[in-house]
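See structure below.
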Amino acid sequence: MGIMARVSQEHLDARRRQILDGAALCFARNGFHATSMQDVLKEVDLSAGAVYRYFSGKEELIGAIVAEVLGSVRGAFEEAARQSPPPPPDELVASVLGKTLAARESLVVDGRPAFPRLVIQVWTETLRNEELAALLREGYGSVHAAWGRIVEGYQEAGMMRADVAPDDVARTMIAAVLGFIAQQSLVGPAPVEILRDGLRALMSMRDEDAAIGGSQLG
């Protein structure tokens with residue numbers, strides 16, 4: 001009985017994954033607004049009954065896709081925040097973004113990764129979908145909070161100057177990641193090592209005021 005239940009749950013999870021991935025491809029290809037549920041059904045090659053068993057419509061699909069991505073990203077940064085000290089920003093960003101992209105590397109539109117395009121489509125849809133906008137704000141808020149704790153960890157360990165608000169650094173790191181994803185949508189795929197190395201170079205710059213900030217730790 002237990003085996004049957006497990007197999008059944010594995011089947012349900014696989015079917016849900018199939019629907020989410022197919023919907024993500026459709027949204028990335030044509031945009032959320034121009035995609036119909038009929039397009040999704042055709043993409044995943046399932047009946048309406050099979051799909052509607054899991055999702056009531058496009059809004060629920062896009063919400064599930066966004067929640068899944070933000071949940072995995074938030075979890076990774078919250079795990080980093082619990083380490084003492086947290087991994088440095090260059091390594092941390094490359095690791096989390098690398099895993100996020102790798103988990104979706106099988107989603108391809110016109111020979112290019114679909115995920116960056118999907119992110120842009122989601123941003124666009126938030127302009128007219130307040131529920132999705134609220135979901136995104138909540139998700140970014142939790143990532144933002146985790147980054148704030150990470151920065152506090154850096155400052156407590158003496159890795160980062162202490163006279164800059166953790167919130168400012170958190171917003172800047174999120175901006176770097178989102179900007180890198182947007183670039184990929186515009187100019188094509190790029191390895192996360194580019195962002196890692198760019199951050200590493202910026203982190204290497206000497207600032208005469210840093211010593212003053214560091215002294216404030218004591």
Side-chain angles (χ1 to χ4, degrees), residues 5-79 93-129 131-140 142-143 177-178 180-192 195:
R6 188 167 68 248
V7 169
S8 170
Q9 187 57 49
E10 285 174 2
H11 172 76
L12 292 173
D13 291 346
R15 180 57 56 85
R16 188 174 187 274
R17 170 88 273 132
Q18 178 187 355
I19 296 167
L20 282 176
D21 287 350
L25 280 175
C26 287
F27 297 149
R29 188 183 297 125
N30 298 317
F32 180 82
H33 205 55
T35 299
S36 67
M37 279 301 284
Q38 201 60 43
D39 295 328
V40 175
L41 298 179
K42 188 176 176 185
E43 182 71 38
V44 298
D45 195 24
L46 291 171
S47 69
V51 172
Y52 284 115
R53 178 182 179 187
Y54 295 84
F55 301 101
S56 62
K58 286 199 304 178
E59 281 73 15
E60 204 169 302
L61 274 167
I62 195 74
I65 291 167
V66 169
E68 181 180 65
V69 173
L70 287 171
S72 64
V73 169
R74 182 190 68 228
F77 285 132
E78 286 179 345
E79 184 184 340
V93 165
S95 168
V96 174
L97 184 57
K99 286 175 187 169
T100 302
L101 294 172
R104 291 153 186 87
E105 64 187 357
S106 62
L107 302 180
V108 177
V109 171
D110 300 332
R112 289 173 138 187
F115 182 70
R117 286 177 62 158
L118 179 64
V119 170
I120 302 296
Q121 299 291 0
V122 168
W123 289 345
T124 304
E125 183 53 26
T126 59
L127 299 176
R128 57 171 164 265
N129 183 333
E131 278 188 31
L132 184 61
L135 178 65
L136 217 58
R137 278 195 297 272
E138 181 187 349
Y140 282 139
S142 59
V143 172
V177 172
L178 295 182
F180 189 71
I181 292 171
Q183 278 186 43
Q184 294 203 48
S185 178
L186 290 167
V187 299
V192 294
L195 184 58

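Here the structure is a predicted model, which is why all the values come from computation and not from measurement.
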I'd like to check R15 versus L46 (side-chain heavy atoms, cut-off strictly below 4.5 Å). Are they in contact? yes

Sorted by chain and number, sequence neighbours left out, salt bridge (Lys or Arg N to Asp or Glu O under 4.0 Å) with D13 holds for none

T35 meets the side-chain contact (heavy atoms from CB on, under 4.5 Å) criterion, sequence neighbours left out, with C26, F27, N30, D39, V40

Counting neighbours of CZ on R17 that are heavy atoms of other residues, nucleotides or ligands and sit closer than 6.0 Å, is the number greater than 12? yes

Run the numbers on L136 and L70 for side-chain contact (heavy atoms from CB on, under 4.5 Å), then give the verdict. CA-CA 8 Å; L136 217 58; L70 287 171; 3.9 Å; yes

Are the side chains of L118 and L25 in touch, meaning some heavy atoms are under 4.5 Å apart? no

Would the distance check show the side chain of Q18 and the main-chain N or O of V44 forming a donor-acceptor pair, the cut-off being under 3.5 Å? yes

Exam field: side chain D110 to backbone R112, donor-acceptor pair closer than 3.5 Å: no

Between S142 and R74, what is the shortest heavy-atom contact and its length? OG-CD, 3.1 Å

Between F115 and R104, is there a cation-pi geometry (under 6.0 Å to ring centre, at most 45° from the normal)? yes

Holding to side-chain contact (heavy atoms from CB on, under 4.5 Å), I want the full list of residues that pass it with R137, two or more places apart in sequence or in another chain. E130, A133, A134

Between K58 and E125, does at least one N-O distance fall below 4.0 Å, as a salt bridge requires? no

Tell me, do E59 and F32 make a side-chain contact under 4.5 Å, heavy atoms counted? yes

Between A28 and V109, the two heavy atoms sitting closest are CB-CG2, 4.3 Å

When rounded to the nearest 0.5 Å, the distance separating CG of L195 from CD of Q183 is 9.0 Å

What distance do L97 atom CG and I181 atom CD1 have between them, rounded to the nearest 0.5 Å? 5.0 Å

Go through the steps to decide whether Y54 and L20 satisfy the test side-chain contact (heavy atoms from CB on, under 4.5 Å), and finish with yes or no. CA-CA 10 Å; Y54 295 84; L20 282 176; over 6 Å; no

Interatomic spacing from OG in S36 to CG in L41 - rounded to 0.5 Å: 8.0 Å

Hey, is CD on E60 packed in by over 12 heavy atoms from elsewhere, all under 6.0 Å? yes

May I ask you to decide whether R16 forms a salt bridge with D21, counting only side-chain N to carboxylate O separations under 4.0 Å? no

How many angstroms lie between atom CZ of R117 and atom CD1 of I120, to the nearest 0.5 angstrom? 10.5 Å

Between Q184 and V119, does a side-chain contact (heavy atoms from CB on, under 4.5 Å) hold up when you go through it step by step? CA-CA 10 Å; Q184 294 203 48; V119 170; over 6 Å; no

Straight-line distance of I19 CD1 to Y52 OH, nearest 0.5 Å: 11.0 Å

Once you round to the nearest 0.5 Å, how far does CZ of F180 lie from OG of S185? 12.5 Å

